[in-house]
Amino acid sequence: MSSTTSEPNAQVKVLRHQASIVQQVVKMNTDGLSQADSLVQPSPAGNCMNWVVGHLVAVYNQVLPVVHQEPTSLHQSLTRYNRGSRPIQSASEALGIEELLAEWNEACARYDAGLKSMTAEELLQPAPMSPTNNPDETIGTLLNTISWHQSYHSGQTGLLRRLAGKDGAIA
């Protein structure tokens, strides 16, 4: 057995750590928010907390098969939250924030379980997709891009929490 498969993979450790932090940031920033709070729109433009949380789940659902995991049960219901979709304008367009948060936690657990089983060799394999249109995308570079993406949007949740009139959750 080569040393790359018998030793813990440093890149996987970093990805799992980053995903764990993102999950905690989202949890802290959504704590105590109502459905109405989750629908507060930033002005002059942007997406509400509800859309951001749904989008985070939708992105993990797209990448879960890459880490040998099944998408969550709401997978088909999350197209409203895909990249490029227009901002949510009314409550009737949105899933419930509690439902989205439950789905978020499930997606995070599946993502972590999938990452845990990844080998160094798998990370070097060509990726089945590339959100950055990188012709040389590997599974490793794709997962790094996903980590950056999820971190970017988790940071937005802090601002959206304050726009909903709540105190900041992270000191």
Side-chain angles (χ1 to χ4, degrees), residues 3-31 33 38 42 46-75 77-85 95 97 100-162 168-171:
S3 63
T4 57
T5 57
S6 63
E7 296 175 10
N9 186 313
Q11 184 179 359
V12 168
K13 283 183 174 180
V14 170
L15 290 168
R16 289 182 70 207
H17 179 71
Q18 290 172 331
S20 175
I21 291 170
V22 166
Q23 183 180 14
Q24 290 305 308
V25 166
V26 171
K27 180 181 180 182
M28 293 169 70
N29 284 328
T30 57
D31 186 47
L33 293 185
S38 83
N47 288 300
C48 62
M49 178 78 81
N50 187 287
W51 187 90
V52 169
V53 172
H55 181 63
L56 289 167
V57 178
V59 167
Y60 268 168
N61 273 333
Q62 291 171 356
V63 79
L64 282 171
V66 175
V67 296
H68 313 296
Q69 297 290 309
E70 293 292 320
T72 62
S73 62
L74 283 183
H75 179 63
S77 303
L78 293 171
T79 57
R80 175 67 185 88
Y81 299 90
N82 285 344
R83 180 181 181 187
S85 62
L95 294 173
I97 190 65
L100 287 171
L101 290 170
E103 204 74 2
W104 166 245
N105 288 327
E106 181 61 29
C108 289
R110 291 180 189 193
Y111 187 65
D112 185 63
L115 284 176
K116 199 177 341 181
S117 70
M118 297 298 289
T119 66
E121 290 81 9
E122 285 179 295
L123 296 175
L124 296 173
Q125 296 299 311
M129 63 182 144
S130 177
T132 61
N133 298 316
N134 176 359
D136 301 317
E137 192 85 75
T138 65
I139 290 175
T141 60
L142 171 64
L143 296 179
N144 277 304
T145 299
I146 296 300
S147 179
W148 173 85
H149 175 273
Q150 302 298 76
S151 297
Y152 173 84
H153 285 297
S154 73
Q156 290 176 328
T157 66
L159 296 172
L160 292 166
R161 177 181 179 81
R162 289 178 183 256
I170 300 174

A.B. asks: Nearest 0.5 Å, please: how far is CG in Asn47 from CG in Leu160?
C.D. replies: 8.5 Å
A.B. asks: Nearest 0.5 Å please: distance from the CG atom of Asn61 over to the CG atom of Leu74.
C.D. replies: 8.0 Å
A.B. asks: Drop me the distance from Leu115's CG to Lys13's NZ, to the nearest 0.5 angstrom.
C.D. replies: 14.0 Å
A.B. asks: Nearest 0.5 Å, please: how far is CG in Asp112 from OG in Ser117?
C.D. replies: 10.0 Å
A.B. asks: In a check of side-chain contact (heavy atoms from CB on, under 4.5 Å) between Val52 and each of Thr157, Thr30, Leu159, Val26, which one passes?
C.D. replies: Thr157
A.B. asks: For side-chain contact (heavy atoms from CB on, under 4.5 Å), just list the numbers for Leu143 and Val67, CA-CA rounded to whole Å, side-chain angles, deciding distance to a tenth of an Å, and then say yes or no.
C.D. replies: CA-CA 9 Å; Leu143 296 179; Val67 296; 4.0 Å; yes
A.B. asks: Parallel, tilted or perpendicular: which one describes the rings of Tyr60 and Trp104, with boundaries at 30° and 60°?
C.D. replies: parallel
A.B. asks: Going through the distances and angles, do Tyr111 and Val59 end up as a side-chain contact (heavy atoms from CB on, under 4.5 Å)?
C.D. replies: CA-CA 11 Å; Tyr111 187 65; Val59 167; over 6 Å; no
A.B. asks: Using a distance-only test with no angle check, is there a side-chain donor-acceptor pair under 3.5 angstrom linking Asn29 and Gln156?
C.D. replies: no
A.B. asks: Mind listing the closest non-hydrogen atom pair of Arg161 and Met49 along with its distance?
C.D. replies: N-CE, 3.8 Å
A.B. asks: Passes side-chain contact (heavy atoms from CB on, under 4.5 Å), Gln62 versus Ile146? Steps please.
C.D. replies: CA-CA 10 Å; Gln62 291 171 356; Ile146 296 300; over 6 Å; no
A.B. asks: Which heavy-atom pair separates Ser130 from Glu137 by the least distance, and what is that distance?
C.D. replies: OG-OE1, 2.5 Å
A.B. asks: Determine whether Val66 and Met129 make a side-chain contact, defined as any pair of heavy atoms from C-beta on separated by less than 4.5 Å.
C.D. replies: yes
A.B. asks: So, the side chain of Glu122 versus the backbone of Thr119: is there a donor-acceptor pair under 3.5 Å, distance only?
C.D. replies: yes
A.B. asks: So, for Pro71 and Leu64, which heavy atoms are closest and what is the spacing to 0.1 Å?
C.D. replies: CA-CD1, 3.8 Å
A.B. asks: Over 60° means perpendicular and under 30° means parallel, so tell me whether Trp51 and His55 are parallel, tilted or perpendicular.
C.D. replies: parallel
A.B. asks: Does a sphere of radius 6.0 Å around CD in Glu70 hold more than 12 heavy atoms from other residues, nucleotides or ligands, not counting ones at 6.0 Å or beyond?
C.D. replies: no
A.B. asks: Minimum heavy-atom separation for Gln69 to Arg110, with atom names?
C.D. replies: CG-O, 3.1 Å
A.B. asks: Between Val22 and Ser151, what is the shortest heavy-atom contact and its length?
C.D. replies: CG2-OG, 3.5 Å
A.B. asks: Give me the atom names and distance for the closest heavy-atom approach of Pro126 to Ile139.
C.D. replies: O-CG1, 3.9 Å
A.B. asks: Look up atom CG in Leu101 and atom CG in Leu33, then write down how far apart they are to the nearest 0.5 Å.
C.D. replies: 8.5 Å
A.B. asks: How long is the straight-line distance from OG of Ser154 back to CE of Met28, given to the nearest 0.5 Å?
C.D. replies: 11.5 Å
A.B. asks: Within the distance-only criterion (no hydrogens, no angle test), does the side chain of Asn144 pair as donor or acceptor with the backbone N or O of Gly140 below 3.5 angstrom?
C.D. replies: yes
A.B. asks: Among Val57, Val53, Leu56, which residue meets the side-chain contact (heavy atoms from CB on, under 4.5 Å) test with Glu103?
C.D. replies: Val57
A.B. asks: Please check this pair: side chain of Ser20 against backbone of Arg16, looking for a donor-acceptor N/O pair closer than 3.5 Å.
C.D. replies: no
A.B. asks: For the residue pair Gln150 and Gln23, establish whether any side-chain heavy-atom pair is separated by less than 4.5 Å.
C.D. replies: no
A.B. asks: Using a 4.5 Å cut-off on heavy atoms from C-beta on, say whether the side chain of Leu95 contacts that of Leu78.
C.D. replies: yes
A.B. asks: Side chains of Glu106 and Thr72: donor-acceptor distance under 3.5 Å anywhere?
C.D. replies: no
A.B. asks: Taking atom NE2 of His68 as the centre, does the number of heavy atoms from other residues, nucleotides or ligands within less than 6.0 Å exceed 12?
C.D. replies: yes
